[in-house]
Asker: 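Could you have a look at this structure, given as structure tokens, before my questions?
Fair warning: this is a prediction, and the values are worked out from it, not measured in the lab. Per chain, numbering begins at 1; letters A, B, ... match sequence-line order.
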Protein chains: 2
Amino acid sequence: MQPQGWESIRDEVSARIRARLWAPGDTIPGEETLAQEFGVARATVNRAMRELAATGVIERRRKAGTRVALLPARRALLEIAVIRLEVEGKGAAYSHQVLEDRMEAAPPPVVARLGLPAGTVLRRLRTLHLADGQPWAYEDRWLNPAALVGEAPDFTQVSANEWLVSHVPYATGDIAFSAEGAEPDVAVALGVEEGAALFVTDRATWTEAQPITSVRLYHAPGYRMRSAL
Amino acid sequence: MQPQGWESIRDEVSARIRARLWAPGDTIPGEETLAQEFGVARATVNRAMRELAATGVIERRRKAGTRVALLPARRALLEIAVIRLEVEGKGAAYSHQVLEDRMEAAPPPVVARLGLPAGTVLRRLRTLHLADGQPWAYEDRWLNPAALVGEAPDFTQVSANEWLVSHVPYATGDIAFSAEGAEPDVAVALGVEEGAALFVTDRATWTEAQPITSVRLYHAPGYRMRSAL
DNA sequence: GAGTGGTCTAGACCACCAA
DNA sequence: TGGTGGTCTAGACCACTCC
């Protein structure tokens, strides 16, 4: 079954590019021209081309027109789900243990990342996430108590991860991925050898007004993050 | 400066959700209603809502209407650039060395991933990518010669990575990220200790007709992949 | 069955920017 | 400064899916 409407135009343009009918660097016909060729309104062509531009296949500029990208920087969409759903999606039973929950002066990297004054005291939560009772990820979180607007949730019931997502909507954030050797405390918590290669996720989030949290997740060995390309 | 047009509507709806005027799980007003409230055409509201749905903030279904997502699975857009541009973007000079280039029977994991018969002979390329002369990434690539349509490029001049991107447009692919301890040959090439934690990228790409390549990239220690959230 | 979002149209105005 | 994409409108029909 062929797609219809704007998707068929997106696919046709994409096919012509793959077939090198329109080669990298070429300027391709304008929206008005394509609209006539395909017998649709210009808005329909625009919708299709906007999709292709979003995936990096073409580059568009007013007046200059639309060009086939020379070195298309492919864009992949990552789904960052709540850990419980991620585990349950694997068909495993989720549970978690709070290893530590206390106020503590945040170290320089954390306050720097969140844009807080040095020595700020934050709530530190260390949590172990489990899948079918096996360690899945070790979480080291610094939480700005001022962002919790008077609520004092019990994170032994609902993980901080999940509680924040559904109770403290945020405006902006950034995320970074890296590989690190397991430090002693992480190794103990995850039950791996010291120095074992772990996939690490670093995330920081803010509302308009203030920082919310900075969290580092050490995933158990074997963890893979996948995406379509 | 406030955004105008559909972006202002996207931001206003987003703000109402963050302010919990519309709480997670709530059904929010329909497009027609919002169009009247904001004094715009329904298509403009639709554009704004489509954007919010794409980032996972809201969920939309015909007839059921639009709801604020309960556990928003945040979506992050990853830019997968050609390695040369990634290195040059850091302000470093890029170079690469081809360590190996020969025909070889692909091992089971590779043929399985590409969907080829066991024992298929592919072109194997091992390449070291350098930034300012320092190892940046070690690449282990299996290339389907049938996908090269009679061309026999010299990968000592242009890296296989870059040549493929600009000469063999592909239709689909997938990508996965993980952390692995450096195996002996990788450790030697990158100049790190055996077992050092490395960030690994696995990618496989296909045209409609056939598989193109399967490639594994071992990034030098300290590599971070970042994205806005 | 009926209400909602998904899409298309024909036309228009505008912002941007290469020439 | 003119051509191109970016956006908006008012209206319409349709597809999906909850009731």
Asker: Given C:dA18, D:dT7, C:dT9, identify the nucleotide with an atom nearest to the side chain of A:Lys63.
Answerer: C:dA18
Asker: Let me know the distance between CD of A:Gln36 and P of C:dA10, rounded to the nearest Å.
Answerer: 12 Å
Asker: Check the distance between D:dT9's C1' and B:Phe38's CZ and give it to me in whole angstrom.
Answerer: 17 Å
Asker: For D:dT7, does either OP1 or OP2 sit under 4.0 Å from a side-chain N or O belonging to B:Thr44?
Answerer: no
Asker: Would you please confirm or rule out a distance under 4.0 Å between OP1 or OP2 of D:dG5 and any side-chain N or O of A:Arg61?
Answerer: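 For D:dG5, OP1/OP2 do not have a side-chain N/O of A:Arg61 under 4.0 Å.
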Asker: Which listed nucleotide (D:dT9, D:dC8, D:dC18) is nearest to the side chain of B:Ala41?
Answerer: D:dT9
Asker: Can you measure B:Leu34 atom CG to C:dT4 atom C1' for me and round it to whole angstrom units?
Answerer: 13 Å
Asker: CZ of B:Arg60 versus C1' of C:dT7: gap in Å, rounded?
Answerer: 12 Å
Asker: Could you verify whether a donor N or O on one side chain and an acceptor N or O on the other, from B:Arg18 and B:Ser14, lie under 3.5 Å apart?
Answerer: yes
Asker: Is any side-chain nitrogen or oxygen of A:Asn46 closer than 4.0 Å to OP1 or OP2 of D:dG5?
Answerer: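 Looking at the OP1 and OP2 atoms of D:dG5, neither is under 4.0 Å from any side-chain N or O of A:Asn46.
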Asker: What's A:Arg47 touching, base or sugar-phosphate or nothing? Going by heavy atoms closer than 4.0 Å.
Answerer: sugar-phosphate
Asker: Quick one: do the B:Arg75 and B:Thr55 side chains pair a donor with an acceptor below 3.5 Å?
Answerer: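 On atom types as modelled, these side chains do not qualify, holding no pair under 3.5 Å.
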Asker: If you pin B:Gly5 and A:Glu31 to their nearest nucleotides in DNA chain D, which one's is more 5'?
Answerer: A:Glu31
Asker: A:Glu51 has an atom CD; how far is it from atom C1' of D:dG5, in whole Å?
Answerer: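 Result: 16 Å.
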Asker: Is the distance from OP1 or OP2 of C:dG5 to the nearest side-chain N or O of B:Thr66 less than 4.0 Å?
Answerer: yes
Asker: Any salt bridge between B:Arg84 and B:Glu162, counting N to O under 4.0 Å?
Answerer: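 Yes, this pair counts.
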Asker: Does a distance-only test, which skips hydrogens and angles, find a donor-acceptor pair under 3.5 Å between the side chain of B:Arg42 and the base of C:dT7?
Answerer: yes
Asker: Between A:Ser159 and A:Asn161, is any side-chain donor less than 3.5 angstrom from a side-chain acceptor?
Answerer: no
Asker: Let me know, please, whether A:Glu7 or B:Ala64 comes out on the 5' side of the other along DNA chain C by nearest nucleotide.
Answerer: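 Between the two, 5'-proximity favours B:Ala64.
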Asker: Has A:Arg62 got a side-chain N or O lying under 4.0 Å from the OP1 or OP2 atom of D:dG3?
Answerer: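 For D:dG3, neither OP1 nor OP2 has a side-chain N or O of A:Arg62 closer than 4.0 Å.
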Asker: Do A:Arg60 and A:Glu31 meet the salt-bridge criterion of a basic N to acidic O distance under 4.0 Å?
Answerer: yes
Asker: Can you check whether B:Arg50 has a side-chain N or O nearer than 4.0 Å to OP1 or OP2 of C:dG6?
Answerer: no
Asker: Heavy atoms from C-beta onward define the side chain here; which of D:dT9, C:dA18, C:dG6 lies closest to that of B:Ala43?
Answerer: D:dT9
Asker: Take the protein atom CG of B:Leu52 and the nucleotide atom P of C:dG6, then report the distance between them rounded to whole Å.
Answerer: 12 Å
Asker: Take the protein atom CD1 of A:Ile9 and the nucleotide atom P of C:dG6, then report the distance between them rounded to whole Å.
Answerer: 19 Å
Asker: Quick one: does B:Leu116's side chain get under 4.5 Å of B:Leu122's, heavy atoms only?
Answerer: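 Sidechains of B:Leu122 and B:Leu116: in contact.
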Asker: Which whole-number value in Å describes the distance from A:Glu59 CD to C:dC17 P?
Answerer: 14 Å
